[in-house]
Every structure is written in C-alpha cells, then in structure tokens.
Amino acid sequence: MNQNLETRFAAARSAFISKQFRLNPMQLQACMATEGPLLLLAGAGSGKTTVLINRVANLLRYGCASDSAEVPVGISEGDMERLKAALRGEGSADEDIHRLCALRAVKPWQVLAITFTNKAAGELKERLAAKLGPEANDVWAMTFHATCARILRRDADRLGFGKSFTIYDSADSQSVMKRVLKELELDEKSFPPRQVLAACSRYKGALLTPDEFVAQEERSGDIRRKRTAMACAAYAKRLKDADAMDFDDLIYFAVILLRDCQEVREYYQQKFRYVLVDEYQDTSHLQYELCKLLSGGYRNLCVVGDDDQSIYKFRGATIENILSFQKEYPDARVIRLEQNYRSTGNILDAANAVIANNTARMGKNLWTQAGKGELLYEYVAMSEDDEADFVARTIQQSGRSPKDFAVLYRTNAQSRSIEQALKRRKINYRIFGGTRFFDRAEVKDILAYLCTVANPTDETRLLRILNNPPRGIGAAGVEKAQTLARREEKPLFDILRNATVFPELGRSAGRMQEFADMITGLQNDLAQGMPLDEFYDKLIEKSGYIRALEDKHSDEELARIENVHELKSSIVKSVEENQGGDLYAYLDEVALYSDIDNYDENAECTVLMTMHAAKGLEFPVVFIVGADDGLFPSALAIGDQSEMEEERRLCYVAITRAKERLYICEASQRMLYGRTNSYIRSRFIDEIPPELLESHDLRSRRQAESRCYEERDAYAPRPKQRTGGYASSTVRVTPPKSAAAKPKTVLSTPAVPDYKVGDLVEHSAFGVGTIAKLTPMGGDALVEISFEGVGTKKLMLRVAAQHMKKK
DNA sequence: ATCATAACGCTTTTT
DNA sequence: GCGTTATGAT
C-alpha cells in the first residue's frame with residue numbers, strides 16, 4: 001500500500017536492530033547479514049565469537065529482519081512512530097517493539113553452529129545461554145564430529161550400522177589396523193599403520209568406497225599402493241563387522257547418509273535454516289561437503305575463518321575451502337574483521353610482519369587502537385634447562401599471578417624441561433596434551449566394559465576386557481573362539497555367549513560363558529532403566545576389576561582405583577549436565593573429548609600447551625619456547641614451501657595469543673631424542689622487525705670470549721636472504737667425537753668398540769656371525785650382522801657390543 | 001601369568 | 001631419553 005512507509009519502516013527497523021548490539025561497524029554488518037552465503041574473514045582477536053553469539057541472538061530475536069526489505073503486512077504510521085520513539089530512546093523499547101521488528105524469527109533448533117573443538121562449542125553454548133537464557137540450549141552448537149555422531153545415531157541403520165555403533169579413537173584405529181596388517185601378512189615396517197590409516201583418510205576424503213579405492217589403486221600398477229588399499233578395505237570391513245566407526249568415518253558416513261538418503265537430507269535441510277561454521281580454514285574436503293549438504297535447503301551458510309590461522313593441513317584440512325568459497329558461492333558476501341582487541345601494537349606488528357612472508361593468503365592486516373605496548377623479548381638460552389629456568393624465573397619475578405602466563409611449544413616433548421623448572425620454583429602449572437585421563441589404561445578398561453555392554457559386537461573393546469582382570473581365559477582359548485566366530489560368520493560375542501556348546505573351547509568355555517552372562521546381565525539392568533551410577537557400581541562389582549587391583553597394594557594400584565572412581569563422577573556429572581543423558585550419550589562425549597576441553601581459565605596455574613592447542617585462547621603473557629630452526633619451524637617442513645607456510649601460520653597463531661607481553665625463547669643447544677644438537681634461531685624471529693624486539697642474546701658476549709672455539713660457526717649470524725637447499729645445514733648434529741666436542745660427552749658414553757665390516761663376531765643371543773654393514777649414526781652405529789642359521793640382524797653397535805666379542 | 005630384558009621408534013600438531 | 005612392544009624366562 002504505502003511504498004514510502006514500507007521503505008522508511010525497513011530502514012528504521014534496521015537502525016533499531018543495530019542499536020541492540022554493541023559492536024563495531026564491521027562486526028555489526030556480519031551480525032546483520034543473515035541471508036545467503038557469507039564469508040566472514042575474522043582475524044585473530046577480532047571478536048569473532050562475540051559476532052557469532054550476537055548473530056545467533058539476532059536470528060532468534062529478529063529472524064531475517066535485519067537483512068530484508070520485507071515488511072509485515074498492515075504496518076501503520078502509528079507503528080512507525082512508536083519505532084522512531086524507541087530509536088530516539090524515548091520510553092523503554094518494550095517487547096512489543098521487538099516483536100514489531102521481528103521477521104520470521106528462528107527457533108533455536110533451526111540453527112546449527114559447527115565448531116572444531118569441544119571447547120569452542122562449549123564456549124559458544126555458554127555465552128549463548130548467558131545472553132539468551134535456557135532456550136539457547138536447543139541451538140545445535142557442537143563439533144563436526146559430535147554433529148555427525150548425532151545425525152548417525154538417528155539413522156545409521158540406513159547404512160547397515162546399528163544405532164548403538166561404537167566410536168573408535170585413534171588408539172583403537174591403530175590397534176585394529178595393526179591386526180589387519182598382521183593378518184594380511186604385511187610387514188609393519190614397510191606398511192606403517194599410520195600411513196595406511198592416512199590412506200584410509202584419503203579415500204574417504206575423495207568419497208570413494210573401499211572397493212572403488214582398491215580398484216583405483218590396482219590400476220596404478222604399484223603393488224605397494226594396491227596392498228595398502230587392500231589393507232584399507234580390510235580395515236573398513238573390520239570396523240563394519242564390529243559396528244564401529246572411527247573419527248573419519250563419522251564425517252564420511254554422515255556425508256554419505258545425507259547424500260544418498262533423500263529423506264534424511266530433506267529433514268535436515270528443512271530443519272536448519274541457518275548454518276554457521278567456525279574455523280572454516282581448518283575444514284577438510286569432506287567437512288566442506290557436509291556443510292554444503294546441511295545448508296542446502298535455505299543456503300544460509302555463514303563460514304567464519306582466518307586463512308592465516310589454518311594449521312591443520314596435516315589432518316586433511318584444505319585452505320582451498322576458504323580461498324575458493326567465493327567461487328563456490330558467487331553471490332557470497334565477504335566481510336573482514338581486522339580490528340584486533342586483544343594484543344598490543346608491537347605484538348600485532350610482529351605477527352603481521354611474519355605472516356606477510358606467506359604467499360597463499362587472502363590478504364588482511366590486523367590493526368589496533370591500543371598502544372604499542374612493550375617490546376617483544378628474545379631470550380637466547382644456552383640449553384633447554386636454561387631456557388626453562390628463564391621462563392620460571394620470569395614468572396616468579398613478575399609479581400603476577402601464574403595464570404597470566406602461557407608457555408607454548410611446538411611439540412609435547414618439549415614440556416618436560418619447562419615442567420621441571422616450574423616445579424623447582426614452585427609455580428603452579430597445568431599441562432595440556434599429555435596423557436589424557438581417558439587414555440589411562442584402567443580408564444580405558446572400564447570404558448571398554450561400558451562399550452561392550454552398549455555394543456557387544458565390537459571385538460576390539462571386547463578383547464581388551466575378556467581376560468582383564470584375569471579370569472583364566474588364555475590367549476589360546478581366545479584364538480579358538482575367534483576362529484569359530486569367523487567360521488560361523490558371527491560376532492565373537494555370540495560364540496562366548498554359547499561357549500559351552502563348542503567342545504573345542506575346552507576349559508575356557510565355562511569362563512567365557514560366565515563372562516558373556518555377566519555382560520548380558522548388565523545389558524538387562526540397563527534396559528530396565530537402572531540409574532547409571534548404580535549400574536556403574538554393579539559393573540565394577542561383577543567384573544571384579546577393582547577387586548583385582550586391591551589384591552596388590554602398590555601406590556600405582558591405588559592411583560588406578562582412584563581413577564576408576566573418578567570415572568564414575570565423570571559419568572554422574574555428564575548425566576546431570578545433559579538431563580536424560582544415557583550411556584550412549586556419555587560414551588559419545590568421552591570418545592570425542594579432548595584434554596583442552598577442561599581448561600579452566602580461573603585456575604591459578606600457568607598453562608603449558610602446544611601452539612596448536614592454544615588456538616582460540618589468549619593470555620596476558622605468552623612464552624614461545626623452542627624458537628630454534630629445525631624445531632620451529634620443524635625440520636620436516638624446511639625445504640617445502642607449503643609446509644613452511646603452514647609453520648609460519650602456526651607462528652602467527654602463537655604470537656597473536658599474547659595480549660600484553662610476548663617472550664620468544666630459543667636455546668643454542670638442546671637435547672632431543674637423547675642427543676644434543678646445536679640450533680640457530682628460528683627464521684621466524686628474523687622475520688620480526690628488529691626494532692620490535694629486545695634481544696637478550698648472551699651469545700655475542702660468549703662468542704667474543706671464545707673466538708677460538710671451532711664450534712662458533714653454529715652461532716654465526718645467518719644471512720638474511722637465503723636460497724633453497726638449506727635443509728641439511730640448519731640443524732647441526734654435534735659430531736660425537738670430533739675435536740671440538742666437550743670432553744664431558746666423551747666421558748659419559750663408553751667408547752664404541754672398533755668393529756669393521758667383515759669382522760667375525762660371537763653374540764650371546766644369536767651366535768656366530770659376520771658384520772655385513774656398518775652405518776654410523778649419531779654417536780653410535782647401525783650394524784648389520786649375518787648370523788649363521790639365524791639370518792641378518794640389524795643392531796645398534798653400542799648395545800650389541802655388550803653382548804658380543806670378536807672372534 | 002608375570003616379569004625382565006632388549007629393540008625400536010618417536011616427536012609435529014587433534015577429533 | 002623415554003615409553004612401548006616383542007620375546008623369552010620363571
């Protein structure tokens with residue numbers, strides 16, 4: 001009717017909605033651009049999560065109103081006046097005004113927000129609940145894997161899985177693969193399980209079936225590739241028979257389900273009006289397919305990411321997803337968030353300078369209104385212990401709370417020296433990424449019991465507990481039962497359940513039967529609705545697990561018993577948190593749980609973690625330790641352009657974790673893999689403009705004092721511009737017995753006996769043999785000795801020499 | 001069944 | 001250097 005009124009109303013409405021959010025102009029745009037595909041390039045510390053929260057709030061409150069010219073029918077001048085009054089701030093904007101401004105408001109369960117880590121999902125949920133109240137709990141905010149698990153739990157039967165399928169963690173995958181390789185008689189050395197599993201990931205990423213993959217690899221004519229593919233296929237069959245899925249499978253089968261099953265696809269495409277994907281730069285091809293399928297109904301797909309923070313290529317992430325989003329969605333809008341609210345100017349300048357060396361970028365420059373702040377601080381230590389003590393000392397002398405500090409390193413192995421130093425100075429700390437609680441043997445045992453009750457078809461978990469605690473079922477008996485299972489083409493559990501029927505099982509039969517009856521009994525208890533905590537106690541009782549531990553009373557067993565009890569509290573907690581949570585929900589949660597998830601920012605602890613784990617976190621003061629070339633960047637990446645760029649992105653992530661102060665530490669010598677190496681400063685430090693960096697390099701002094709030392713070239717300044725081929729020169733392995741080596745090293749290690757090729761030796765275990773080959777390795781040597789009647793053995797000379805003599 | 005010894009490999013990073 | 005695994009001895 002009144003065109004003019006409608007236009008004015010839409011404009012006023014938009015103005016009103018934008019006043020509901022306290023955001024900067026770019027953030028506001030991102031929050032209000034609700035319709036259609038949107039690429040949100042959010043730099044580190046640019047308030048990305050805040051935008052996500054507000055965006056969801058906007059959707060729930062006002063629907064598509066902020067991004068639409070459409071006006072409800074029957075708008076009057078009176079409505080217009082009320083809206084204008086509200087805009088001027090006259091009278092409080094009551095519910096009426098909000099309702100007036102809403103256009104097809106969205107229900108919480110129509111929003112899907114996918115994250116990478118449980119921690120990110122948890123933060124999202126928490127902040128949504130704080131802003132929106134309990135209705136926020138119905139928003140689907142979860143990780144990729146949890147999303148897929150939830151979808152599959154509903155419809156996995158359409159793919160031939162049971163609904164109570166088991167989720168395998170990487171350790172499970174590894175052990176299944178090892179067994180598969182053994183059965184196919186493939187040597188683990190020429191077919192490393194890790195690599196075969198990587199091949200599995202690849203075919204799943206290409207959405208091939210195992211058979212298609214085998215056919216494809218057959219065509220390559222390469223026998224190795226063919227065998228690898230066959231192992232992959234056998235592994236897939238194994239999992240299917242066990243009614244189990246690994247991490248990759250969750251995504252893979254979810255995509256297949258959505259792709260092939262119209263009914264399911266349409267259900268979710270109708271359901272999810274808005275899909276948001278966080279950390280889009282870390283998505284794999286498969287995850288991209290998943291996002292496309294899930295958002296295919298309304299096409300309201302908002303992806304948030306930072307191409308400069310893509311650090312999971314090794315896990316199949318492809319930066320192409322974000323780089324080509326605009327190609328895939330030509331109508332996509334792109335919004336950049338470049339204002340940083342986290343770090344000081346100097347820290348940001350350093351981060352920008354480092355990342356500028358990358359070529360595969362969309363281009364983006366963070367800026368801040370904050371002041372320059374303090375300079376970055378470089379500390380060059382003599383050893384890793386010196387480095388660690390510098391960290392501890394600095395924390396101790398700072399007068400700040402230990403929780404203000406984070407120590408970031410490239411590999412988990414680096415945590416030990418830091419840990420010791422902090423312990424010495426009595427600084428509270430917490431490490432992430434070591435052995436997770438859920439990875440402890442006793443916890444895995446109990447979880448295996450729970451999994452077996454939930455899904456007895458799963459052989460991996462069943463075998464773990466069948467004779468644990470010992471109940472007199474020997475390896476031979478298990479073997480026989482497995483053979484029977486294969487012959488009858490039935491799950492192993494079926495054989496155990498009817499064990500007494502098979503005479504060939506001999507004495508084990510009764511015990512197997514007993515075991516199976518116990519599991520069946522527990523299943524019945526669960527089916528009859530026994531509360532989980534009571535069920536847990538009964539399981540512990542019936543299995544005799546704790547009883548077996550109690551029989552020995554060492555400290556270790558006591559700690560284990562503690563852990564078994566702690567697991568119970570974890571179950572109780574989970575049930576409380578997700579009301580009505582059953583055993584399956586708990587097992588899903590555990591399977592997809594990671595260490596970082598229970599990071600408590602309020603604990604009075606300094607935090608130690610890898611740079612990868614630190615993504616998404618921030619700390620007032622950050623130490624980057626181990627900034628040595630060959631360690632960071634990793635020696636494996638040096639020489640490869642794209643891997644170097646990934647390392648550099650990791651460096652960018654690490655630098656931008658710091659709010660106020662950044663220390664970068666390196667050690668000119670450090671022990672790694674039991675060997676002392678010399679290192680030079682990371683090339684990434686060279687990429688930081690020197691004026692941003694306060695350098696405490698004691699080397700220059702030392703160098704002046706000891707000009708005569710031959711080793712000093714390890715400390716020589718590096719040429720600024722380098723051409724390729726530096727891989728071998730970067731990490732210098734200290735020559736074991738060269739003139740320059742420290743006498744200490746020589747004294748602490750016994751001299752390597754003087755053997756040479758052709759020598760006849762007698763070994764206490766292998767008998768008489770001839771040395772066929774000698775390969776010097778570090779301070780030791782690899783010897784190949786061909787023993788009479790035993791064959792050729794590869795031994796480390798230093799160890800072997802203790803058991804043999806020359807003949 | 002449990003322990004002891006020796007070999008081996010691992011160090012990228014996570015769901 | 002350390003932890004895991006394989007093997008063999010008790």
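Every chain is numbered from 1, with letters handed out A, B, ... down the list of sequences.
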Quiz item: Is there a donor-acceptor contact under 3.5 Å from the side chain of A:E618 to the main chain of A:A658?
Solution: no
Quiz item: From the list B:dT13, B:dT2, B:dT15, which nucleotide is the closest neighbour of the side chain of A:P470?
Solution: B:dT2
Self-check item: Nucleotide B:dT13, atom C1' - distance to CD of A:Q414 in whole Å
Solution: 12 Å
Quiz prompt | Whole-Å gap separating C1' (B:dT13) and CG (A:D282) | solution = 11 Å
Practice problem: Select one nucleotide: of B:dT13, B:dT15, B:dT2, the one nearest the side-chain heavy atoms of A:H145. | Solution: B:dT15
Quiz item: Base, sugar-phosphate, or nothing for A:M611, non-hydrogen atoms under 4.0 angstrom?
Solution: nothing
Quiz item: Using a cut-off of 4.0 Å on non-hydrogen atoms, how would the nucleic acid contact of A:E647 be classed: base, sugar-phosphate, or nothing?
Solution: base
Quiz item: Rounding to a whole Å, what distance do you find between A:F632:CZ and B:dT13:C1'?
Solution: 11 Å
Quiz item: Between B:dT15 atom C1' and A:L286 atom CG, what is the distance in whole Å?
Solution: 13 Å
Exercise. Quick one: label A:E643 by what it contacts on the DNA or RNA (base, sugar-phosphate, nothing), any heavy atom closer than 4.0 Å.
Key: base
Practice problem: Could I get the full list of salt bridge (Lys or Arg N to Asp or Glu O under 4.0 Å) partners for A:E645, not counting sequence neighbours? | Solution: none
Quiz item: In whole angstrom, what separates A:L197's CG from B:dT14's P?
Solution: 17 Å
Exercise. Grab the CG-P distance between A:L466 and B:dA1 for me, whole Å please.
Key: 11 Å
Practice problem: Name the nucleic acid region contacted by A:F116, choosing base, sugar-phosphate or nothing; use a 4.0 angstrom heavy-atom cut-off, strictly under. | Solution: sugar-phosphate
Quiz item: Just how far is it from atom CG of A:N118 to atom OG1 of A:T143, taken to the nearest 0.5 Å?
Solution: 5.0 Å
Practice problem: Answer with base, sugar-phosphate or nothing: what part of the nucleic acid does A:Y312 contact at a heavy-atom distance below 4.0 Å? | Solution: sugar-phosphate
Self-check item: Set of side-chain hydrogen bond (donor to acceptor under 3.5 Å, both in side chains) partners for A:T166, sequence neighbours left out
Solution: A:N455
Practice problem: Return no unless some side-chain N or O of A:N467 is found under 4.0 Å from OP1 or OP2 of B:dA1. | Solution: yes
Quiz item: CZ of A:R416 versus P of B:dC10: gap in Å, rounded?
Solution: 17 Å
Practice problem: Grab the NZ-P distance between A:K204 and B:dT15 for me, whole Å please. | Solution: 18 Å
Quiz item: How would you list, by chain and number, every residue that makes a side-chain contact (heavy atoms from CB on, under 4.5 Å) with A:E514, sequence neighbours excluded?
Solution: none
Quiz item: Taking OP1 and OP2 of B:dT15, is either one under 4.0 Å from a side-chain nitrogen or oxygen of A:S173?
Solution: no
Exercise. With a 4.0 angstrom cut-off to heavy atoms of chain A, pull out the first and last contacting nucleotide of DNA chain C, in 5'-to-3' order.
Key: C:dG1 to C:dC2
Quiz item: Which atom pair, heavy atoms only, marks the closest approach of A:Y235 to A:K204?
Solution: CE2-NZ, 4.4 Å
Exercise. Find which nucleotide of DNA chain B each of A:I473 and A:A591 is nearest to by heavy atoms, and output the residue with the more 5' nucleotide.
Key: A:I473
Quiz item: Would you call A:F314 stacked on B:dT13, i.e. ring centres under 5.5 Å apart with the planes less than 30° off parallel?
Solution: yes
Self-check item: Those residues that, when tested against A:R471, pass side-chain hydrogen bond (donor to acceptor under 3.5 Å, both in side chains) (two or more places apart)
Solution: A:Y449
Practice problem: Could you tell me which residues satisfy side-chain contact (heavy atoms from CB on, under 4.5 Å) with A:A388, sequence neighbours excluded, listed by chain and number? | Solution: A:S417, A:I418, A:A421
